[in-house]
Trainee: 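Following this message is one structure expressed as structure tokens.
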Amino acid sequence: NAGVTQTPKFQVLKTGQSMTLQCAQDMNHNSMYWYRQDPGMGLRLIYYSASEGTTDKGEVPNGYNVSRLNKREFSLRLESAAPSQTSVYFCASRDPGQPQHFGDGTRLSIL
Amino acid sequence: SQKIEQNSEALNIQEGKTATLTCNYTNYSPAYLQWYRQDPGRGPVFLLLIRENEKEKRKERLKVTFDTTLKQSLFHITASQPADSATYLCAPTDSWGKLQFGAGTQVVVTP
């Protein structure tokens, strides 16, 4: 019963490097989300995908891109990492009208 | 702009007592409000949802109230246990299912 799986769990990057955070869900949910969580702040929405084939910007999309690869997978890419992107990143999924199910996060540090 | 406020200070409470957490929101008219629990190093886990036309909702030892006039939700944990120690997040949600998270309140239950 995996739910939402995020990889990697931890990553350290240098400024300017790129990387892709992976997220997969096995609940057949239509909608998927990427959030970042910083100390003292609520989870902030980066991008979301209401259904396979669609993606939309959230509250803090700058510096990120996403791909909804198929119904199961939704990836988040940092093209040129900046120290301000040091954060914990969470992926979530849900069906319409239902609560969100979260993965356990990717802890990303950018030096 | 929309703002969600939760007590930033940790709530320290003795086992067996009732913990009460507050969630206030401004510039927002949510259709419903969700509460999540987050343990260290883990993603948020859904607990309860209350709709705008509901005054109170209960689940086991948890109780949530929703006052749309005061723009406030209260979250109660009765007969608290050390296992209830976690951070609790409120998330007002609009009719499209878009939610915004508060920063959360940490609850520490001591034996």
Trainee: Measure A/Glu59 against the heavy atoms of chain B and call it side chain, backbone, both or neither at under 4.5 Å.
Mentor: side chain
Trainee: Should A/Ile46 and A/Phe90 be counted in the same cluster of Ile, Leu, Val, Met, Phe, Trp and Tyr side chains packed under 4.5 Å apart?
Mentor: no
Trainee: Take atom CZ in B/Arg61; do more than 12 heavy atoms of anything else shown fall under 6.0 Å from it?
Mentor: yes
Trainee: Non-hydrogen atoms of chain B under 4.5 Å away: do they reach the side chain of A/Arg44, the backbone, both or neither?
Mentor: neither
Trainee: Do A/His101 and B/Val45 have side chains that approach each other closer than 4.5 Å (heavy atoms only, starting at C-beta)?
Mentor: no
Trainee: Hydrophobic clusters here meaning ILVMFWY residues chained together by side-chain heavy-atom distances under 4.5 Å, can you tell me if B/Ile4 and B/Leu47 are in one?
Mentor: yes
Trainee: Please report the closest heavy-atom contact between A/Gly40 and B/Ala103, naming both atoms and the distance.
Mentor: O-CB, 3.5 Å
Trainee: With a 4.5 Å cut-off on side-chain heavy-atom distances among I, L, V, M, F, W and Y, is there a chain of contacts connecting B/Val109 to B/Trp35?
Mentor: yes
Trainee: What part of A/Tyr48 gets closer than 4.5 Å to chain B, counting heavy atoms only: side chain, backbone, both or neither?
Mentor: neither
Trainee: For chain A, which candidate among B/Asp39, B/Leu99, B/Leu89 shows the most heavy-atom pairs at distances under 4.5 Å?
Mentor: B/Leu99
Trainee: Considering only heavy atoms, which portion of B/Gln38 lies under 4.5 Å from any heavy atom of chain A: side chain, backbone, both, or neither?
Mentor: side chain
Trainee: Under 6.0 Å from the NZ atom of B/Lys71, do we count more than 12 heavy atoms belonging to anything else shown?
Mentor: yes
Trainee: State, with a plain yes or no, whether a side-chain heavy atom of B/Tyr36 is found less than 4.5 Å away from one of A/Phe102.
Mentor: yes
Trainee: Should B/Phe66 and B/Leu48 be regarded as members of a common hydrophobic cluster, given that ILVMFWY residues are connected when their side-chain heavy atoms come within less than 4.5 Å of each other, either directly or indirectly?
Mentor: yes
Trainee: Verify side-chain contact (heavy atoms from CB on, under 4.5 Å) between B/Gln100 and A/Leu43, making sure each step is shown before the conclusion.
Mentor: CA-CA 8 Å; B/Gln100 283 201 268; A/Leu43 288 150; over 6 Å; no
Trainee: Are the side chain of A/Asp104 and the backbone of B/Gly43 linked by a donor-acceptor contact shorter than 3.5 Å?
Mentor: yes
Trainee: Quick one: pull up CD in A/Gln98 and CG in B/Leu49 and give me the separation to the nearest 0.5 Å.
Mentor: 9.0 Å
Trainee: Give a yes or no on whether B/Phe75 and B/Phe46 share a hydrophobic cluster (residues Ile, Leu, Val, Met, Phe, Trp, Tyr; joining criterion: side-chain heavy atoms under 4.5 Å apart).
Mentor: no
Trainee: Assert yes or no for the condition that the ring centre distance of A/Tyr35 to B/Phe101 is strictly below 6.0 Å.
Mentor: yes
Trainee: Between B/Ser95, B/Pro44, B/Gly97, who has the most heavy-atom pairs with chain A when the cutoff is under 4.5 Å?
Mentor: B/Pro44
